[in-house]
S.K.: 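My structure is below; once you've seen it, I'll send some questions.
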Amino acid sequence: MISDKNFVDAAEGKTYFILNYGCQMNESDAEHYAGQLEEMGYAKADDFHNADIIVVNTCCVRESAEKRILGKIGELKRVKENHPGQVICVAGCMAQKDGEKLIKKHPQIDLLIGTAHVNSFKKILTDFLADKGGRIYDDMIIADSEFEGNRVRQSGFSAWIPIMYGCNNFCTYCIVPYVRGRERSRSIENIVEEVEQAVANGYKEFTLLGQNVNSYGKDFGEKGMFAKLLRRVNDVPGVERIRYMTSHPRDMGEDVIQAVAECEHICENFHVPFQAGSSRILKMMNRGYTREQYLELVKMIRRYVPDAAVTTDIIVGFPGETEEDFEETLSLVKEVGFDAAYTFIYSKRSGTPAAKMEGQVPLDVKKARLNRLMAVQNENSLKRNEEMVGKTYEVLAEGPSANNPNVWSGRTRTNKLVLWPTEGRTFTAGQKVNVKICNAQTWLVKGQAE
Ligand code: SAM
Ligand code: SF4
């Protein structure tokens, strides 16, 4: 048996690279893979070509993501031919979904790590390198949801904090519950301990992650746990900003909105995906709310937090979506006046109920609807950003802009991207800066630091 100490020696001078795809939960998992690899003695490579270990952390929520990832896995075959001994691990949702099929089709893959095995990656890799253990870990074990160990975070001031794993909702279009399993929450103590440690390491902003954060703690048999967790994290000394995603409109309670209104550090940004504006389609999606209930929820948010930014996810072209249904989506988008929206073309996911539904919408119709939807939402975004002009906002600085080191960028509490010229001043990432907005565009605003 190789001990950790021997392993660190064996890994000396060796490197890893993580190719990450997909949602924030995947980004967080990637930080945990990196943490485990560094505990084993690997250092981050500058580029994946020469790395000794490559982890491809995959996503299968839409077909387009899968195609891109399969292309990359194909490319790795040639990369590995030039680097005998290179270890290729495929992790995440595609590994979970396709298991053995994937490794048979792409024999360059050494290890397949399903979504329930993130915590045991170090042991799996150690066994593999000692010629022990298997190559496929895709069983949906009831994994321990408490977190131990390290994450190598991408940002130096903003931290992802997973609070729960899996999803129980089974929206009829969505593959996530099949590849991420049932909801498992971390204990409040375990979450708070991680937040406290991150604060001690200089982190200021915390994004609590889950597929449906509003059902946090239901698996403990208790209600109202998410609002309790928000208040508890708000009280951790040193925490400056708290964000969370994703909220489910059916489960978003008044207690959570009250917590946002009352707690100093919780940001006034409500990301509440509505998916479709027609109650008929929402029913077929198994979303558990109607158009009217969603609009009531937005009213309640604005009653408690008048300056809140409200953002959403929308799918166009769900099976059976008629022109009238789609117009209900457009009218809801106009009525709410979202600050931003992530818009998606429905993607057929085999194994989900919607994939077998009649009335699949042709791609050209879906594309045309997406364009119309984006045009309406772009108007909303610009209008909301224009309302910021002349006002001063607290911005958490992120860093210099990629194409001009004399321009810095950061985000408001409402998650708006702000750019400002440095004018000879020095800023640091994670610093709070007051910026007076003088120019609004669809995707960002510009201003002057005060
Ligand atoms: N759990 C979150 C929720 O319910 O809002 C988000 C999970 S999912 C990774 C992110 C978004 O992808 C969803 O809100 C939905 O709009 C979109 N999505 C999921 N399945 C899809 C599919 N089959 N086709 C197109 N978009 C999809
Ligand atoms: Fe998918 Fe619905 Fe769960 Fe979100 S809530 S992950 S859309 S099943």
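These numbers were taken from a predicted model, which means no experiment stands behind them. First listed ligand is number 1; within each ligand, the first listed atom is number 1.
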S.K.: Please list all pairs passing the ring-ring contact (aromatic ring centres under 6.0 Å, His included) test where one or both residues lie in residues 220-256, with sequence neighbours left out.
M.R.: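 Every ring-ring contact (aromatic ring centres under 6.0 Å, His included) pair that includes a residue of residues 220-256, provided the two are not neighbours, is Phe226-Tyr244, His248-Tyr289.
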S.K.: Hey, does Glu292 have a side-chain heavy atom less than 4.5 Å from the side chain of Glu296?
M.R.: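 No, every pair of side-chain atoms sits at 4.5 Å or beyond.
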S.K.: Heavy-atom contact check, 4.0 Å cutoff: does Asn169 meet ligand 1?
M.R.: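 No, Asn169 has no heavy atoms under 4.0 Å from ligand 1.
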S.K.: Identify, by atom number and element, the atoms of ligand 1 in contact range of Pro273, meaning under 4.0 Å from any of its heavy atoms.
M.R.: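 Atoms satisfying the 4.0 Å criterion: 5 (O).
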S.K.: Give the residue, atom name and distance (to 0.1 Å) of the protein heavy atom nearest atom 7 (S) of ligand 2.
M.R.: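 Minimum-distance protein heavy atom for atom 7 (S) of ligand 2 reads Tyr173 OH, 3.4 Å.
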S.K.: Ring centroid separation for Tyr342 and His271, is it under 6.0 angstrom?
M.R.: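 Distance test on ring centres: under 6.0 Å, yes.
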S.K.: If you measure every N/O of Asp313 against every N/O of ligand 1, is any gap under 3.5 Å?
M.R.: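 Yes, Asp313 has an N/O under 3.5 Å of an N/O on ligand 1.
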S.K.: Decide whether a cation-pi geometry holds between Arg384 and Phe338; the criteria are a distance under 6.0 Å from NZ or CZ to the six-membered ring centre and an angle within 45° of the ring axis.
M.R.: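 No, Arg384 does not lie over the aromatic ring of Phe338.
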S.K.: Atoms of ligand 1 less than 4.0 Å from Gln275 heavy atoms?
M.R.: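 It comes down to these atoms of ligand 1: 5 (O), 13 (C), 14 (O), 15 (C), 16 (O).
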S.K.: Which one of Arg182, Arg186, Gln211, Glu183 satisfies the side-chain contact (heavy atoms from CB on, under 4.5 Å) criterion with Tyr165?
M.R.: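 Among Arg182, Arg186, Gln211, Glu183, the one that satisfies the side-chain contact (heavy atoms from CB on, under 4.5 Å) with Tyr165 is Arg186.
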S.K.: With atoms numbered from 1 as shown, which atoms in ligand 1 lie under 4.0 angstrom from a non-hydrogen atom of Ile345?
M.R.: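 It comes down to these atoms of ligand 1: 24 (N), 25 (C).
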S.K.: Classify the contact between Ile175 and ligand 1 as side chain, backbone, both or neither, using a heavy-atom distance cut-off of under 4.0 Å.
M.R.: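 The answer is neither.
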S.K.: May I ask you to identify, for Lys348, whether its side chain, its backbone, both or neither come under 4.0 Å of ligand 1 on a heavy-atom basis?
M.R.: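 Lys348 to ligand 1: no contact under 4.0 Å from either part.
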S.K.: Between Tyr173 and ligand 1, which residue portion shows a heavy-atom distance shorter than 4.0 Å: side chain, backbone, both, or neither?
M.R.: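 Both backbone and side chain.
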S.K.: Does only the side chain of Cys23 get under 4.0 Å from ligand 1, or the backbone, or both, or neither? Count heavy atoms.
M.R.: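 Answer for Cys23: neither.
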S.K.: If you take the centroid of each ring, where Trp contributes its six-membered ring, are Tyr33 and Tyr16 closer together than 6.0 Å?
M.R.: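 Between Tyr16 and Tyr33, the centre distance exceeds or equals 6.0 Å.
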S.K.: Distances under 2.8 Å only: what protein N/O/S atoms are near atom 2 (Fe) of ligand 2, ordered by chain and residue?
M.R.: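 You should have found Cys171 SG.
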S.K.: For atom 8 (S) of ligand 1, which protein heavy atom lies nearest, and how many Å away is it?
M.R.: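 Answer, as residue, atom name and distance: Val61 CG2, 4.2 Å.
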S.K.: Ligand 1 versus Thr246, non-hydrogen atoms closer than 4.0 Å: side chain, backbone, both, neither?
M.R.: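 For Thr246, the contact with ligand 1 is made by the side chain alone.
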S.K.: Indicate yes or no: does Glu222 engage Lys218 in a salt bridge with an N to O separation below 4.0 Å.
M.R.: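 Not counted as a salt bridge, because no side-chain N and carboxylate O are separated by less than 4.0 Å.
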S.K.: Between Asp219 and Arg184, does a salt bridge (charged side-chain N to carboxylate O under 4.0 Å, His left out) hold up when you go through it step by step?
M.R.: CA-CA 7 Å; Asp219 48 327; Arg184 288 123 27 220; over 6 Å; no
S.K.: Would you kindly check if the NZ (Lys) or CZ (Arg) of Arg151 is within the cone defined by 45 degrees around the ring axis of Phe147 and under 6.0 Å from the six-membered ring centre?
M.R.: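 Yes, Arg151 and Phe147 form such a contact.
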S.K.: Give the single entry among His248, Arg349, Arg287 that approaches atom 4 (O) of ligand 1 most closely by any heavy atom.
M.R.: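 Answer by nearest heavy atom: Arg287.
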S.K.: Considering only heavy atoms from C-beta outward, does the side chain of Asp313 approach that of Phe274 to under 4.5 Å?
M.R.: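 The answer is no; the side chains never approach within 4.5 Å.
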S.K.: Between Asn415, Asn269, Val272, Thr414, which is the residue that forms a side-chain contact (heavy atoms from CB on, under 4.5 Å) with Thr311?
M.R.: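 When Asn415, Asn269, Val272, Thr414 are each tested with Thr311, the side-chain contact (heavy atoms from CB on, under 4.5 Å) holds only for Asn269.
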S.K.: Check each of Val61, Asn57, Thr115 against Cys93 using the side-chain contact (heavy atoms from CB on, under 4.5 Å) test, and report the only one that passes.
M.R.: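 When side-chain contact (heavy atoms from CB on, under 4.5 Å) is applied between Cys93 and each of Val61, Asn57, Thr115, only Thr115 qualifies.
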S.K.: Are the charged groups of Arg241 and Glu268 less than 4.0 angstrom apart, N to O?
M.R.: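 The answer is no: the pair does not qualify as a salt bridge.
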S.K.: Any heavy atom of Ile315 sitting closer than 4.0 Å to ligand 1?
M.R.: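 Per 4.0 Å heavy-atom rule, Ile315 contacts ligand 1.
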S.K.: To check your reading of the model: name the closest protein heavy atom to atom 2 (C) of ligand 1, its residue, and the distance in Å.
M.R.: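 Atom 2 (C) of ligand 1 sits closest to the protein heavy atom Gln211 O, 3.5 Å.
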S.K.: Should you measure from each heavy atom of Tyr346, which atoms of ligand 1 turn up under 4.0 Å away?
M.R.: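 Going through ligand 1 atom by atom, the ones under 4.0 Å from Tyr346 are 24 (N), 25 (C).
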S.K.: Just so I know, are the side chains of Met164 and Ser215 near enough to count as touching, which here means a heavy-atom distance under 4.5 Å?
M.R.: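 With C-beta onward as the side chain, the pair touches.
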S.K.: To the nearest 0.5 angstrom, please state how far the OH atom of Tyr346 sits from the CD1 atom of Ile315.
M.R.: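 So the OH of Tyr346 and the CD1 of Ile315 are separated by 8.5 Å.
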S.K.: So, regarding Asn212 and ligand 1 (criterion: nitrogen or oxygen to nitrogen or oxygen, under 3.5 Å), is there a contact or not?
M.R.: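 Min N/O separation from ligand 1 is not below 3.5 Å for Asn212.
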S.K.: Purely on distance, is any nitrogen or oxygen of Ser347 under 3.5 Å from one on ligand 1?
M.R.: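 Yes; at least one N/O pair falls below 3.5 Å.
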S.K.: Among all the protein's non-hydrogen atoms, which is closest to atom 17 (C) of ligand 1, and how far away is it?
M.R.: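 It is Arg62 NH1, 3.2 Å.
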